[in-house]
Novice: 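My questions all concern the structure below.
What you see below is based on every heavy atom in this structure, not just the backbone, and it leaves out hydrogens, waters and symmetry mates. Order of the sequence lines fixes the chain letters, A, B, ..., with proteins taken first and strands second; residue numbering starts at 1 for each chain.
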Number of protein chains: 2
Amino acid sequence: MQLVKIYECLCDETRLRVLNILAQGPLCVCHFQEILREPQVKISKHLAYLRSRGLVECERQGNWMIYELPAKPSRELRTNLACLQDCAREHPAFQRDLARLQKLAPKLAATGPCGCATAKPAVR
Amino acid sequence: MQLVKIYECLCDETRLRVLNILAQGPLCVCHFQEILREPQVKISKHLAYLRSRGLVECERQGNWMIYELPAKPSRELRTNLACLQDCAREHPAFQRDLARLQKLAPKLAATGPCGCATAKPAVR
DNA sequence: GATTCATATTCCTTAATAGGAATATAGATA
DNA sequence: TATCTATATTCCTATTAAGGAATATGAATC
């Protein structure tokens, strides 16, 4: 059942945090590292997990992998992501992540979702 | 995180079916067996799992254990159960279970949620 | 008190998952 | 071509979960 696969994705805190952040827009792995403050392996693996089950999509952009929520999510996925948003609003942990994302906003505006310290603007 | 515990409960098909049925009202284990057509151990264990995480409550009534959704669910739980309801509406498996529940309706009306074949009415 | 009925628990095996350390890869750059 | 950067994968270990067979428990009944 597709629904079970969705819930399997949702039953890990790191993945919930990832999805909460992605609700704001696409992002690259190094930014997840910065916001979540978790080691690269951990983030990369959880993103792979989410990807294998269709909860995120990704696209390479130079050295960076940009992850984002599916362009055409199923009704079930849409419903559950909305539900997660609803629940996340209350949680300090999620709020904190969004605050950190905000701090990156200027950088993101300048360089796009892969705007890491060393990154050149996507459009030269 | 409480939210993760909820999702852990939701990532098994049997448990989803149980919760879907419980949304209609309290029920005893033997009725779950009848509706889900799964062995007793399996159902009993999943109910214990749900109970240990606060997704269901139960109460003994003679020989029967009556399970039901929490009287005072947290906001998160309420939100997620509503979301599940929403998703379940589409799924044949869930519909089938509800249809089977409907077939038991007359019996339930006569004997309450523990109205198994041999059960006496709850109120004598 | 012995039996029966509904349900729970234990024991076992198997499979899935998480996390970290180390290593591999793909693209960009020198 | 060699190197660097961002990210992915492999290998390992520990934990958790699922399912079934057998058994235990608690309440009711004989």
Side-chain angles (χ1 to χ4, degrees), chain A residues 1 4-5 7-18 26-53 55-68 111-122 124, chain B residues 1 4-5 7-18 26-53 55-68 111-122 124:
Chain A
M1 189 182 303
V4 172
K5 292 288 170 207
Y7 285 128
E8 282 171 355
C9 287
L10 298 181
C11 68
D12 176 275
E13 180 165 344
T14 304
R15 291 195 291 264
L16 290 184
R17 293 173 71 195
V18 164
L27 212 63
C28 71
V29 180
C30 55
H31 277 141
F32 280 114
Q33 288 179 238
E34 215 168 327
I35 294 171
L36 302 184
R37 309 206 175 156
E38 298 281 359
Q40 184 255 328
V41 205
K42 189 168 173 180
I43 290 175
S44 188
K45 274 187 187 175
H46 281 301
L47 285 168
Y49 187 103
L50 289 170
R51 190 186 173 196
S52 72
R53 282 152 178 86
L55 283 251
V56 304
E57 293 169 351
C58 68
E59 175 199 19
R60 178 177 282 279
Q61 197 162 319
N63 269 337
W64 295 270
M65 291 296 283
I66 312 297
Y67 283 83
E68 59 191 334
T111 59
C114 59
C116 298
T118 57
K120 306 297 186 306
R124 264 160 290 176
Chain B
M1 192 182 304
V4 172
K5 292 288 170 206
Y7 284 129
E8 282 172 355
C9 286
L10 298 180
C11 68
D12 176 276
E13 179 164 348
T14 304
R15 291 196 290 264
L16 289 183
R17 292 173 71 196
V18 164
L27 211 63
C28 72
V29 179
C30 56
H31 278 141
F32 280 115
Q33 287 179 238
E34 215 170 325
I35 294 172
L36 302 183
R37 309 208 175 153
E38 298 281 1
Q40 185 256 326
V41 205
K42 188 168 173 179
I43 290 174
S44 189
K45 276 188 187 173
H46 281 302
L47 285 169
Y49 187 104
L50 289 170
R51 192 186 171 198
S52 74
R53 281 153 180 85
L55 282 251
V56 304
E57 293 169 350
C58 69
E59 174 198 20
R60 180 176 282 278
Q61 195 161 320
N63 269 336
W64 295 269
M65 290 295 282
I66 313 298
Y67 283 84
E68 59 191 335
T111 60
C114 60
C116 299
T118 58
K120 306 293 185 307
R124 263 160 289 173

Novice: To the nearest Å, how far apart are A:Glu13 CD and C:dT17 C1'?
Specialist: 16 Å
Novice: Round to a whole Å and report the spacing from NZ of A:Lys42 to C1' of C:dT17.
Specialist: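 The distance from NZ of A:Lys42 to C1' of C:dT17 comes to 13 Å, rounded to the nearest Å.
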Novice: What is the distance, to the nearest angstrom, from the CD atom on B:Glu8 to the C1' atom on D:dT16?
Specialist: 9 Å
Novice: For B:Arg37, give me all partners under side chain to side chain contact (heavy atoms under 4.5 Å, CB included), at least two apart in sequence or on another chain.
Specialist: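 For B:Arg37 the side chain to side chain contact (heavy atoms under 4.5 Å, CB included) partners, ignoring immediate neighbours, are B:Arg100.
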Novice: Which whole-number value in Å describes the distance from B:Glu34 CD to C:dA6 C1'?
Specialist: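 Whole-Å distance recorded here is 13 Å.
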Novice: Would you be so kind as to tabulate the donor-acceptor pairs closer than 3.5 Å made by side chains of residues 39-50 of chain A, with sequence neighbours excluded?
Specialist:
| from | atom 1 | to | atom 2 | distance (Å) |
| --- | --- | --- | --- | --- |
| A:Lys42 | NZ | A:Glu38 | OE1 | 3.1 |
| A:His46 | ND1 | A:Arg15 | NH1 | 3.1 |

Novice: Separation of A:Gln61 atom CD from D:dT7 atom P, in whole Å?
Specialist: 11 Å
Novice: Are B:Val18 and B:Tyr67 packed together at the side-chain level, in the sense that at least one heavy-atom pair is separated by less than 4.5 angstrom?
Specialist: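 They are not in side-chain contact.
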Novice: Below 3.5 Å is the cut-off: list the nitrogen or oxygen pairs between protein and nucleotides 8-14 of chain D, distance only.
Specialist:
| from | atom 1 | to | atom 2 | distance (Å) |
| --- | --- | --- | --- | --- |
| D:dA8 | OP1 | A:Tyr67 | OH | 2.3 |
| D:dA8 | OP2 | A:Ser44 | OG | 2.6 |
| D:dA8 | N7 | A:Gln40 | NE2 | 2.7 |
| D:dA8 | N6 | A:Gln40 | OE1 | 3.3 |

Novice: Does a side-chain N or O of A:His46 approach OP1 or OP2 of C:dG19 to a distance below 4.0 Å, or not?
Specialist: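 Answer yes for this pair, as a side-chain N or O of A:His46 is under 4.0 Å from OP1 or OP2.
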Novice: As a test of reading the structure: which of D:dT7, D:dG26, C:dG20 is closest to the side chain of B:Asn63, going by heavy atoms?
Specialist: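 Shortest atom-to-atom distance from the side chain points to D:dG26.
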Novice: At what distance, to the nearest 0.5 angstrom, does SG of A:Cys28 lie from CH2 of A:Trp64?
Specialist: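 Atom-to-atom, A:Cys28:SG and A:Trp64:CH2 are 8.0 Å apart.
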Novice: Can you tell me the distance, in whole Å, between the CD atom of A:Glu59 and the P atom of C:dA26?
Specialist: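 Rounded to whole Å, this separation is 18 Å.
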Novice: Specify the closest pair of heavy atoms between A:Leu16 and B:Tyr7, including all atoms of both residues, with the distance to one decimal.
Specialist: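 Closest heavy-atom pair between A:Leu16 and B:Tyr7: CD2-CE1, 3.9 Å.
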Novice: In whole angstroms, how far is the C1' atom of C:dT17 from the CG atom of A:Leu10?
Specialist: 16 Å
Novice: Please list, chain by chain and in numerical order, all residues satisfying salt bridge (Lys or Arg N to Asp or Glu O under 4.0 Å) with B:Glu8, sequence neighbours excluded.
Specialist: B:Lys5, B:Arg53
Novice: Taking side chain to side chain contact (heavy atoms under 4.5 Å, CB included) as the test, write out the residues that go with B:Arg51, two or more places apart.
Specialist: B:Val56, B:Cys58
Novice: Please pick, from D:dT7, C:dA18, C:dG20, the nucleotide with the shortest atom-to-atom distance to any side-chain atom of A:Asp12.
Specialist: C:dA18
Novice: If you pin A:Gly62 and A:Glu38 to their nearest nucleotides in DNA chain C, which one's is more 5'?
Specialist: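 The residue whose closest nucleotide sits nearer the 5' end is A:Glu38.
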Novice: Please report, rounded to the nearest Å, how far the P atom of D:dA6 is from the CD atom of A:Gln33.
Specialist: 9 Å
